[in-house]
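Nothing here was measured: the structure is a model prediction, and the numbers come from that model. A note on names: the letters A, B, ... follow the listed sequences, proteins ahead of strands, and every chain is numbered from 1.
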Amino acid sequence: MKLYQEQELKIYNSLTNQKEVFKPINEGHVGMYVCGPTVYSNVHLGNVRTFMSFDMIFRYLKHLGYKVRYVRNITDVGHLVDDAEEGEDKIAKKARLEQLEPMEIVQKYTLDFHYILQKFNFIPPSIEPTATGHIIEQIEIVKGIIDNGYGYEVNGSVYFDVHKFNEKNEYGVLSKRNLEDLVNNSRELDGQSDKKNPQDFALWKKAEETHIMRWPSPWGEGFPGWHLECTAMSTKYLGKRFDIHGGGMDLKFPHHESEIAQNEACCGTSPVNYWMHANMLTLNGKKMSKSTDNNILPGEIFSGSSKHLSKGFVPSVARFFMMQAHYRSILDFSNDALLASEKGFNKLMEAMKTLDKLEPSGDKTSFNLEVWKRNCYNALNDDFNTPILIADLFEAVKYINQLKDGKATILPESLTELKKYMHAFVFEILGLEQQSGSSDDGDSLTGVMELLINLRNEARANKDFATSD
RNA sequence: GACAAGGUGGCUGAAUGGUGAAAGCAACAGUCUGCAAAACUGUUUUUUAUGAGUUCGAAUCUCAUCCUUGUCUCCA
């Protein structure tokens, strides 16, 4: 019997704004798509938080015994700098600025992305497709949308007809907006003559002569619009309708809203059963953002080389810090918060080491393991409430320390259980790792420390306190 | 301006109608130690932004006021 059959998982669905019991389309299988990064610069900690939330979700679904196909894309083309006609692709722009081939940019920052995620102990997704690798699929989607009457071609570009779509469907179901509001609040931009309405978005853009990244299409040489890749790749790998779609809160509109519209227009169905949105990581009370420079890079946390930090922290401390907040809450980053998390993290890790060395004692178990286990699972089943889980883990930490001091007792089979579940929650699901020291050259220090400790012990044995200090 | 989320102890951050409002950090005391640190144990702190209402009962629901943040244009 699989674990998911005895656990009732509830997920907060941003489409309905309520918690719903999770029921996958195909029993025992979960299809999950998460919008990955646009690889035109280094990932910052805010990006990492979102992916980390879904990494934990991926881990828990697997723990429950589901066979999960987790797709997280790499956006390597199609992201316009602005929506005006002279809009330039982000990758291409960065390539121009750094005087590199666009694919050099993509390679450079994809490597950085993978390196950082590996540092944070992420589990790689099942499939990590790139937008440039799925141009044909994207063109097919555009054709389908045109055939169904929701797309129109102007001067080599293809746009999605939002107003026409809205006649029979609802544009704005996810972001809880209606088209009328959007019309009233649209920013007026120059040079939008090609579009029928400002709300329409590009499915395919004509490549100007200077544009480097270009592909042939039925409408001439061009490149795909941003929202298209996710529709194409999620459809290809997960089907027209799948279980979970995740991403950052800031992608809700227009990106995810447009994905729904594209999928409806092309495939005749809403693409996703459970929409999940992770909240923002703030710095100084403001959202972290690449464009405003209010951000911190993971590398700066490891090294401590940031004006926001007093020292460096190992990746697991940052991971623990994020897991102490719920994924749907805004979390504020600060040096003080990280210092506090480091203490808590070390306490937890010390307890894990103690636990491994623990021997059974007494003739009964002086801790209600069943209730504790139940509480831990209840926390995770309640929309992945990791802060509650961590609070429960510290209950166990207290018990473990009492066992160490001989102030509590445990039977052999209970000890086996406790070890099994502590390892599952701490390492398997939260993804924490035993890491010590805040610098990478910790190994070379160890030798010196041992020498010092030996000297100190000798001195202490001789009551030579001046030397030992 | 429109729409959305939120304001909980010194800090971070849970709990959405039911007894004393998690947990971590900080503070204080104790254990340990030659002293200290670390570690462990215990204690303390919030009348839950403000005002009113609904209820036997509200942080939680309703209304008003003040404030913060996000989205509406590229963002995780």
Can you give me the N/O atom pairs linking the protein to nucleotides 38-45 of chain B at distances under 3.5 Å, or say none if there are none?
residue: B:C40; atom: O2'; partner: A:Asp405; partner atom: OD2; Å: 3.0

Listed pairs, N/O of protein and of nucleotides 66-70 of chain B, under 3.5 Å:
residue: B:U69; atom: OP1; partner: A:Lys286; partner atom: NZ; Å: 3.0

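One P atom belongs to B:G6, the other to B:G10, and the distance between them is 23 Å to the nearest Å. When the P atom is compared between B:G9 and B:A5, the two are found 22 Å apart, to the nearest whole Å. Across B:A14 and B:C74, the matching P atoms stand 30 Å from one another, rounded to whole Å. Taking the C1' atoms as reference points, B:G13 lies 13 Å from B:U48, given to the whole Å. Nucleotides B:A21 and B:U47 place their C1' atoms 12 Å apart, quoted to the nearest Å. Going from the C1' atom of B:U50 to that of B:U12 covers 24 Å, rounded to whole Å. Of the P atoms belonging to B:A76 and B:A15, the separation is 27 Å, rounded to the nearest Å. One C1' atom belongs to B:G34, the other to B:G42, and the distance between them is 26 Å to the nearest Å.
Comparing A:Leu331 and A:Phe345, the nucleotide of RNA chain B nearest to each residue sits closer to the 5' end for A:Leu331. Comparing A:Lys19 and A:Asn47 against RNA chain B, the residue whose closest nucleotide sits nearer the 5' end is A:Lys19.
Minimum heavy-atom separation, A:Leu339 to A:Ser310: CD1-OG, 4.3 Å. Closest of all the heavy-atom pairs between A:Leu203 and A:Leu228 is O-CD2, 3.3 Å.
The side chain of A:His326 lies closest to B:A14 when the candidates are B:A23, B:A14, B:A76.
Residue A:Ala325 is classed as a sugar-phosphate contact, given heavy-atom separations below 4.0 Å to backbone atoms only.
For B:A14, one of the phosphate oxygens OP1 or OP2 lies less than 4.0 angstrom from a side-chain nitrogen or oxygen of A:Ser329.
Between A:Ile388 atom CD1 and B:G13 atom P there is a gap of 15 Å when expressed in whole angstrom units.
If you check B:U47 for Watson-Crick or wobble pairing at under 3.5 angstrom, you find it has no partner at all.
Figure legend: A:Arg49 and A:Phe321 shown without cation-pi pairing, the cationic atom not lying both under 6.0 angstrom from the six-membered ring centre and within 45 degrees of its axis.
Side-chain contact check for A:Ile400 versus A:Leu418: some heavy-atom pair is nearer than 4.5 Å.
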